[in-house]
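Heads up: the structure comes next, in structure tokens.
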Number of protein chains: 2
Amino acid sequence: MPPMTEAAVSSGCDTSVLKERAGGGATQENAKAVLRPQVTAAKEKYRHISAYHSQIQHSCLSRDSGVTPSFIGFRNLMVIVLVVMNLRLMVENFLKYGVLICVKCHDYRKQDVFLGSILFALVPCHLFVAYTLELVAAQPAKGVVGREKKDTLMEGTVKEQRAFQLTWRFVALAHAVNATLCLAVTNVVVYYYIHHPGIGTICELHAIIVWLKICSYAFTNRDLRHATLNTSSPSQFPEIYASCPYPQNITLGNLTYFWLAPTLVYQPVYPRTSHIRWSFVAKRVVEFIVLSVFIWITSAQYATPVLRNSLDKIAVLDLTSILERIMKLSTISLIIWLAGFFAFFQSLLNALAEVMRFGDREFYSEWWNSWSVGMYWRSWNKPVYLFMKRHIFSPLVGRGWSPFAASFMVFTFSAILHELLVGIPTHNLIGVAFAGMMFQLPLIMVTSPLEKMDDPTGRVVGNSIFWVSFCLVGQPLGALLYFFAWQAKYGSVSKMSAHLS
Amino acid sequence: MPPMTEAAVSSGCDTSVLKERAGGGATQENAKAVLRPQVTAAKEKYRHISAYHSQIQHSCLSRDSGVTPSFIGFRNLMVIVLVVMNLRLMVENFLKYGVLICVKCHDYRKQDVFLGSILFALVPCHLFVAYTLELVAAQPAKGVVGREKKDTLMEGTVKEQRAFQLTWRFVALAHAVNATLCLAVTNVVVYYYIHHPGIGTICELHAIIVWLKICSYAFTNRDLRHATLNTSSPSQFPEIYASCPYPQNITLGNLTYFWLAPTLVYQPVYPRTSHIRWSFVAKRVVEFIVLSVFIWITSAQYATPVLRNSLDKIAVLDLTSILERIMKLSTISLIIWLAGFFAFFQSLLNALAEVMRFGDREFYSEWWNSWSVGMYWRSWNKPVYLFMKRHIFSPLVGRGWSPFAASFMVFTFSAILHELLVGIPTHNLIGVAFAGMMFQLPLIMVTSPLEKMDDPTGRVVGNSIFWVSFCLVGQPLGALLYFFAWQAKYGSVSKMSAHLS
């Protein structure tokens with residue numbers, strides 16, 4: 001309205017402007033200028049009489065209003081409150097304990113490092129034993145491949161089948177001895193001679209990975225050999241294998257690639273990228289280092305005091321306090337878990353894949369959106385999932401097992417490996433990791449009806465069940481129990497105990 | 001594949017099935033049955049050789065993947081973590097303090113209740129003094145309205161204008177004395193004679209509301225009278241007023257309606273609903289009661305210990321601890337604030353509006369999404385906002401003030417009222433509420449460029465500035481300072497102090 005005001009002032013007239021507010025956000029203005037030369041007062045406007053309440057309107061949070069308002073601001077508020085609450089806990093932690101991070105305080109025995117190094121060097125040797133076994137086993141197939149090149153008619157299959165079965169029994173036995181030896185030696189050494197749980201875990205993880213790779217190598221080559229001996233058509237093999245038909249894949253180079261590649265599933269040929277982007281590798285390695293330091297700091301500064309403070313509560317079974325400790329630990333373990341997931345599956349495996357020019361980088365899919373526990377287990381750790389599917393689930397189903405029975409086998413197998421991975425380095429095979437994995441089966445069954453559901457509410461419920469059961473109860477409770485068992489056995493993890501007690 | 005398996009079994013043949021997994025989720029199956037009657041082994045499938053890594057794929061969190069994955073699961077996780085963190089704090093609080101809620105522990109003097117009741121009865125009397133004043137002032141206008149009905153020509157306007165100005169001066173003076181007396185008496189009584197801050201706040205709030213209603217009644221009727229005396233056309237009045245032209249609105253019934261209606265802006269006529277839905281009223285009242293109890297429990301159990309524990313930290317100016325206390329208090333004060341907002345603006349005002357058949361229920365709009373501080377102040381408290389806009393901002397702008405100067409006046413006026421509302425009942429006019437309101441002006445200026453921005457990031461930033469400044473810093477800091485001032489003056493709020501110290 002400035003022009004009108006100006007005009008009114010310049011003509012020295014009284015301008016009466018009535019401004020009416022129509023409801024609903026739209027402002028309607030009725031402006032009237034009535035000229036009355038008798039009155040000299042310059043500006044008079046009846047501002048106080050506008051009808052601000054001019055129509056029936058509902059509060060936007062009332063059901064009457066029909067439309068649901070946007071709540072995007074509350075999402076922002078949630079993030080802010082989460083940040084503030086955790087910042088406060090950090091300040092509280094600092095006021096209570098000061099700085100607990102101490103590089104020199106970490107004590108590990110020289111023996112641990114020495115034995116760990118020997119294990120690290122020995123474990124891959126078993127892979128090369130497996131290679132030698134396959135080299136011997138491949139001999140009959142070489143003849144078949146040669147003959148097939150001459151004529152495609154099949155001759156003497158019965159004799160060859162028997163020879164194959166006999167060879168496979170020996171090869172299978174030799175592989176089993178070799179693979180079991182790999183895992184058994186590591187288990188014994190880590191459990192009895194490597195005190196430090198960190199070094200122990202690395203050794204155990206390495207042994208399990210190599211063990212799984214040996215299994216995959218043996219099973220895949222058995223099927224390749226059998227298929228080569230028994231069928232004439234090469235079209236039954238995956239197309240990608242065409243460039244390296246059995247037994248050409250039984251070379252040291254091929255095995256070395258499988259050993260270092262970020263997969264647990266052996267294939268003679270993998271999809272490959274054209275070149276190594278070293279800047280990509282560098283970024284992933286920096287990510288991995290930063291996240292590892294972050295995890296170390298979080299564990300030392302935040303997780304350790306919580307674990308330590310919970311010991312006497314667990315000892316006297318003070319359930320309310322244990323609940324409080326689990327809830328406090330859950331946020332910390334969740335952060336460590338997410339950082340660890342990213343560090344390993346995104347940063348480390350991608351860096352390794354880039355260096356190996358390994359093409360299939362689907363090490364995980366969107367597991368965080370899983371609205372059933374089954375979806376989570378199928379998507380968070382693809383290397384293990386693919387191994388289980390290819391070498392346990394799928395063959396069992398092929399033999400006529402029901403999918404449930406096959407799943408039961410997969411989870412039992414996985415539960416044993418988890419118990420080894422956690423129980424051996426902490427020197428406490430208390431069965432919590434085993435039980436935790438087995439407990440996934442009823443959870444999967446309970447949440448499986450949600451999988452087919454297309455309802456967003458059902459998905460939110462399923463996703464919440466997953467988060468609560470896995471990240472907010474399962475993991476912190478497990479960590480607490482293994483820590484308690486460790487303390488009951490040894491009394492202390494490091495020199496830090498004196499600071500905290 | 002069950003039919004094929006069945007066929008193979010019944011014919012006693014060896015069926016070789018090769019299952020190939022094409023990447024990207026789609027599963028492609030190449031099934032081949034080769035009949036070889038020589039071999040009796042029933043089922044053999046080369047499950048172990050399928051190519052699970054068959055194409056180049058990127059990790060979904062890598063930039064290479066092109067599409068950003070959905071993170072909806074993390075939103076669910078945030079809600080869960082917030083709930084768990086607060087549940088933990090509740091358990092921690094319980095373990096530390098036990099139950100602090102105590103109905104009988106609340107001490108209030110008989111004198112407080114007695115004086116409060118007298119104030120509650122006296123304050124509305126000022127409204128009726130205002131009515132009497134308007135009744136006298138309306139006398140000349142009655143003549144005009146009568147004359148206008150006879151002929152539309154304007155006569156003797158100069159004389160009438162002078163009479164109007166003279167009357168208005170007397171009326172304005174009388175209104176000012178009446179309104180100021182209303183507020184001044186309440187201020188003196190509450191500050192010096194009502195010890196309990198809760199009773200004091202209710203009295204002070206009531207007096208301020210009635211004071212604002214008197215102002216609106218006087219200003220609106222002045223403009224209505226002036227407009228009626230000086231212009232012949234009734235079209236300048238809002239349409240809705242047509243059913244009750246000035247001075248027909250100067251009745252006791254009309255004023256009583258304004259007194260009880262949930263608005264601070266006087267209009268001769270309001271939009272009305274057709275009938276009272278008593279079930280709606282009942283629901284809102286139940287909401288109000290439940291939320292009030294919730295606020296009381298939260299204050300007693302969670303806010304009081306935090307406030308009390310912070311006293312010695314403020315006394316020695318331990319800044320880290322004060323920061324920690326403010327952060328701890330912020331979540332609690334935020335919850336109380338949100339519950340209080342809903343209880344008052346949604347439940348209570350809607351219940352009142354329904355009983356009064358008051359049609360315009362827009363007591364607030366989506367203030368939680370505000371991406372500037374100015375938007376927040378325009379949307380969270382519509383009754384006060386409309387009063388300020390109609391009786392201060394708009395008239396000042398009409399007189400040629402700049403919008404900034406008018407806003408400055410509005411916020412100064414509002415700051416004084418806020419200081420009265422908080423400082424008088426707590427017997428500490430320390431100026432924190434005043435300063436807090438005045439500090440809104442620079443915040444509004446800083447965030448106003450964001451208002452025009454259409455960028456989602458800008459909106460998130462603006463919304464976060466609003467939440468942090470207002471709900472996470474401003475309110476808890478203010479509460480802390482008034483509580484500290486109270487403790488410095490009186491030492492204790494209730495008998496609970498013995499429990500906590």
Side-chain angles (χ1 to χ4, degrees), chain A residues 18 20 32 34 38 45-49 51-59 61 69-70 72-74 76-78 80 84-85 88 91-92 157-158 219-220 223-224 227 231 236 238 240 265 267 270-271 324 327-328 346 350 359-363 366 368-369 386 394-395 398 460 463-464 467, chain B residues 18 20 32 34 38 45-49 51-59 61 69-70 72-74 76-78 80 84-85 88 91-92 158 219-220 223-224 227 231 236 238 240 265 267 270-271 324 327-328 346 350 359-363 366 368-369 386 390 394-395 398 460 463-464 467:
Chain A
L18 188 129
E20 186 179 345
K32 284 201 173 242
V34 181
Q38 300 98 321
K45 288 157 194 172
Y46 302 124
R47 302 261 176 170
H48 297 290
I49 61 174
Y52 278 22
H53 301 292
S54 56
Q55 61 181 26
I56 289 182
Q57 289 184 92
H58 300 291
S59 303
L61 291 176
S70 156
I72 193 97
F74 285 115
N76 299 335
L77 179 63
M78 274 203 316
I80 293 167
V84 169
M85 285 185 82
R88 187 192 77 80
V91 172
E92 192 185 64
T157 42
V158 176
F219 281 127
T220 309
D223 268 15
L224 285 172
T231 62
Q236 65 172 309
I240 196 173
V265 167
Q267 290 182 195
Y270 293 102
E324 190 269 334
M327 287 200 283
K328 179 141 193 183
Q346 172 65 13
N350 263 294
D360 186 359
R361 313 279 169 93
E362 209 199 26
F363 306 118
E366 300 174 20
W368 47 86
N369 300 330
L386 293 182
S394 183
V460 169
N463 189 245
S464 302
W467 282 119
Chain B
L18 188 129
E20 186 179 343
K32 282 195 173 247
V34 180
Q38 301 99 321
K45 287 159 194 168
Y46 302 122
R47 302 262 178 170
H48 297 290
I49 61 174
Y52 278 24
H53 301 291
S54 56
Q55 62 181 26
I56 289 181
Q57 289 184 92
H58 300 290
S59 302
L61 291 176
S70 156
I72 192 97
F74 285 115
N76 299 336
L77 180 64
M78 274 201 318
I80 294 168
V84 169
M85 286 184 80
R88 187 192 78 79
V91 173
E92 190 184 68
V158 177
F219 281 127
T220 309
D223 268 15
L224 285 172
T231 62
Q236 66 172 309
I240 195 172
V265 167
Q267 290 181 196
Y270 293 100
E324 190 269 335
M327 288 200 282
K328 179 140 193 181
Q346 173 65 11
N350 263 295
D360 187 359
R361 314 279 169 93
E362 208 198 27
F363 306 118
E366 301 176 18
W368 47 86
N369 300 329
L386 294 181
R390 195 190 197 216
S394 184
V460 169
N463 189 245
S464 303
W467 282 118

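What's counted below: heavy atoms across the whole structure, side chains too, no hydrogens, waters or symmetry copies. Convention: sequence-line order gives letters A, B, ...; per-chain numbering from 1.
Judged by distance alone, with hydrogens and angles left aside, the side-chain atoms of A:N463 form no donor-acceptor pair with the main-chain N or O of B:N76 at under 3.5 Å. Remark: the backbone N or O of A:I72 is not paired with any side-chain donor or acceptor of B:W368 at under 3.5 angstrom.
Looking at residues two or more places apart in sequence or on another chain, you find a salt bridge (Lys or Arg N to Asp or Glu O under 4.0 Å) between B:E92 and B:R88, B:K328. Under the side chain to side chain contact (heavy atoms under 4.5 Å, CB included) criterion, A:P395 pairs with B:R47, B:H48, sequence neighbours left out.
Contacts between A:E324 and chain B at a heavy-atom distance below 4.5 Å involve backbone atoms as well as side-chain atoms. Looking at B:Q267, the atoms closer than 4.5 Å to chain A (heavy atoms on both sides) all sit in the side chain, from C-beta outward.
Interface check for chain A: of the options B:R361, B:R390, B:H58, B:M327, the most heavy-atom pairs under 4.5 Å are formed by B:R390.
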